[in-house]
There are 2 protein chains.
Amino acid sequence: MELAAAKLKFIEAWGKLGSEWGINRTMAQVHALLLISSEALTTEEIMEELSISRGNANMTLRDLIGWGLIEKQHKAGERKEYFFADKDVWNISRQVAKERKKRELEPVLKVLNELSTVVGDEKDPEFKTFKKSVNDINKLAVNVDKTLETMLKAEESWFWGSVLKVFK
Amino acid sequence: MELAAAKLKFIEAWGKLGSEWGINRTMAQVHALLLISSEALTTEEIMEELSISRGNANMTLRDLIGWGLIEKQHKAGERKEYFFADKDVWNISRQVAKERKKRELEPVLKVLNELSTVVGDEKDPEFKTFKKSVNDINKLAVNVDKTLETMLKAEESWFWGSVLKVFK
DNA sequence: ATAAACTTTCAATAATTCTTGAAAGTTTAA
DNA sequence: TTAAACTTTCAAGAATTATTGAAAGTTTAT
């Protein structure tokens with residue numbers, strides 16, 4: 001396979017994966033493009049490469065900065081802003097884990113805690129089932145939260161070394 | 001908090017979480033409803049409870065069966081079908097992991113393998129960057145795949161025991 | 001057979017999410 | 001200043017995804 005075709009295929013695959021995981025397709029594609037670019041790119045170049053509008057490019061780039069996945073670069077003597085992605089896949093994973101934990105897991109933990117204060121008749125099967133499900137989910141969520149917390153602090157080699165060794 | 005209010009809140013939260021993770025909101029809500037029901041419910045009851053149409057309920061229930069999260073139940077002397085959810089949160093996690101691995105991770109691994117056959121000029125920075133990113137992502141994906149594979153076979157207490165012990 | 005009870009399908013519609021592009025805003029150089 | 005270079009905003013429109021509901025399909029009892 002040729003480089004040009006491979007790039008297109010990568011961008012397409014990354015976009016699809018993103019959209020399956022609740023991440024805007026264009027955002028995932030812009031990220032993909034910057035991931036495989038050795039040079040930082042301008043908004044203009046990104047618009048061109050992915051055939052998207054200026055508005056879309058601008059918002060998407062802003063979002064990616066908000067996710068901590070890309071950064072702006074200024075080149076001496078130029079007005080234009082250049083964008084480049086952190087290429088370290090472990091950093092990317094941690095960054096995504098960190099943001100999704102904050103944006104999604106933590107709000108859910110908060111709700112689960114509120115729900116565990118529910119009061120009712122301990123003899124009522126509906127009440128018992130509700131309490132058990134909520135408690136079980138709460139325990140799982142706490143375990144996931146702890147594991148993510150560890151991941152956020154960990155070095156990649158240590159993390160996978162530990163995980164995969166334990167699992168033989 | 002009262003049981004009725006808590007149920008609504010749980011269904012809403014589960015639906016929101018689902019939609020953030022690429023799962024249809026209604027599907028997550030139907031799952032939530034069955035998770036906290038001590039009794040199996042009919043299509044009619046589900047439509048009523050969540051204010052959704054018959055068509056929507058039918059398709060959603062079929063999808064949930066396809067995900068292995070709920071099952072049909074037949075009651076003696078009745079024509080109606082009843083639906084109930086597996087309440088074991090570890091089973092649910094494994095089932096979701098199994099399906100998403102099959103539907104999403106495996107196709108991506110396939111593409112990444114194809115992409116690693118790319119040919120080009122080893123001196124070209126664009127080529128080198130592409131190859132490195134694809135290889136790094138490939139390695140990560142393989143590690144995730146292995147970990148999920150272990151999870152699918154594991155008992156809950158063993159799994160979290162191991163993971164959390166390693167991470168102190 | 002027939003009809004009642006129940007389930008499934010799917011074209012039409014609604015709701016949501018994404019994208020555009022032009023206007024407004026900002027910064028810099030001269 | 002002024003104007004060119006560049007970025008941001010956001011209302012309108014496009015695209016995508018989800019939902020409805022009525023008709024068609026199926027099963028069971030009589």
Side-chain angles (χ1 to χ4, degrees), chain A residues 11-12 14-34 40-67 70-84 100 103-104, chain B residues 11-12 14-34 39-67 69-84 100 103-104:
Chain A
I11 290 167
E12 190 194 2
W14 211 236
K16 180 151 175 280
L17 187 66
S19 68
E20 288 165 341
W21 285 84
I23 286 151
N24 176 303
R25 181 209 275 336
T26 300
M27 182 167 145
Q29 289 183 336
V30 170
H31 185 227
L33 174 62
L34 291 174
L41 303 179
T42 61
T43 301
E44 209 75 37
E45 289 167 324
I46 292 164
M47 289 165 57
E48 163 76 13
E49 198 78 39
L50 302 177
S51 307
I52 60 176
S53 70
R54 185 175 302 285
N56 197 2
N58 183 270
M59 289 185 121
T60 297
L61 288 164
R62 189 136 52 70
D63 278 356
L64 282 168
I65 290 172
W67 277 81
I70 69 171
E71 286 176 47
K72 285 183 184 175
Q73 189 173 69
H74 289 284
K75 296 204 178 181
E78 291 208 45
R79 296 272 309 266
K80 282 198 283 281
E81 291 177 327
Y82 287 76
F83 299 90
F84 70 98
R100 297 202 84 151
R103 297 175 191 204
E104 293 148 20
Chain B
I11 290 167
E12 190 194 2
W14 211 236
K16 179 149 175 280
L17 187 66
S19 68
E20 287 166 342
W21 285 84
I23 286 151
N24 175 305
R25 182 211 269 346
T26 301
M27 181 167 145
Q29 288 183 334
V30 170
H31 185 228
L33 175 62
L34 291 174
E39 297 294 319
L41 303 180
T42 61
T43 300
E44 211 74 38
E45 289 167 324
I46 292 163
M47 289 165 58
E48 162 75 13
E49 199 77 39
L50 302 177
S51 308
I52 61 176
S53 70
R54 184 174 302 287
N56 197 3
N58 184 271
M59 290 185 122
T60 297
L61 289 165
R62 189 137 50 71
D63 278 356
L64 282 167
I65 289 172
W67 277 81
L69 296 175
I70 69 171
E71 286 176 48
K72 285 182 184 176
Q73 187 172 72
H74 288 284
K75 296 205 176 179
E78 291 209 44
R79 296 269 313 265
K80 283 197 284 281
E81 292 177 325
Y82 287 75
F83 299 89
F84 70 98
R100 297 203 84 152
R103 297 174 192 206
E104 293 148 21

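In the text below, chain A, chain B and the rest are named by the order of the sequence lines, each starting its count at 1.
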Fill in: Sugar-phosphate, base or nothing in reach of A/R25, heavy atoms under 4.0 Å
nothing
Worksheet item: Quick one: does B/E45's side chain have a donor or acceptor within less than 3.5 Å of a partner on B/T42's backbone?
Response: yes
Discussion item. What is the separation between atom CD on B/E45 and atom C1' on C/dC6, rounded to the nearest whole Å?
Written reply: 14 Å
Discussion item. Does a side-chain N or O of B/R62 approach OP1 or OP2 of C/dT9 to a distance below 4.0 Å, or not?
Written reply: yes
Worksheet item: What nucleic acid atoms does B/S51 come within less than 4.0 Å of, heavy atoms only: base, sugar-phosphate, or nothing?
Response: sugar-phosphate
Worksheet entry | Side-chain donor/acceptor of A/R79 to base of C/dT27, under 3.5 Å | yes
Discussion item. From CE of B/M27 over to C1' of D/dT17, roughly how many Å is that when rounded to an integer?
Written reply: 15 Å
Practice prompt. Counting heavy atoms from C-beta on, name the nucleotide in C/dC18, C/dT7, D/dT7 closest to the side chain of B/N58.
Written response: C/dT7
Discussion item. Does A/Q73 have more than 12 heavy atoms from other residues, nucleotides or ligands lying within 6.0 Å of its CD?
Written reply: yes
Practice prompt. Specify the separation, in whole Å, of atom CD of A/E81 and atom P of C/dT27.
Written response: 11 Å
Worksheet item: Atom CG of A/L50 to atom C1' of C/dT20: distance rounded to whole Å?
Response: 15 Å
Discussion item. Measure NE2/B/H74 against P/C/dC6 and give the value in whole Å, please.
Written reply: 13 Å
Worksheet item: What pairs with A/R54 under salt bridge (Lys or Arg N to Asp or Glu O under 4.0 Å), at least two apart in sequence or on another chain?
Response: A/E44
Practice prompt. Could I get the full list of salt bridge (Lys or Arg N to Asp or Glu O under 4.0 Å) partners for B/E71, not counting sequence neighbours?
Written response: none
Practice prompt. Measure from the side chain of B/K80, starting at C-beta and using heavy atoms only, and say which of C/dC6, C/dT19, C/dT8 lies closest.
Written response: C/dC6
Worksheet entry | Spacing of B/I23 atom CD1 relative to D/dT17 atom P, expressed in whole Å | 15 Å
Worksheet item: Can B/K16 and B/E20 be counted as an ion pair, charged N to O under 4.0 angstrom?
Response: yes
Response to the item:
5'-most contact on DNA chain D (nearest-nucleotide basis), A/N56 vs A/S19, goes to A/N56
Worksheet, complete the sentence: A/M59 atom CE is separated from C/dC18 atom P, nearest whole Å, by 11 Å
Fill in: Listed nucleotide nearest any side-chain atom of B/S53, set C/dT7, D/dG21, C/dT19
D/dG21
Fill in: Rounded interatomic separation in angstrom, taking NZ from A/K75 and C1' from D/dA5
17 Å
Discussion item. Let's see if you can work this out: which of C/dT7, C/dT9, D/dA18 has an atom nearest to the side-chain heavy atoms of B/T26?
Written reply: D/dA18
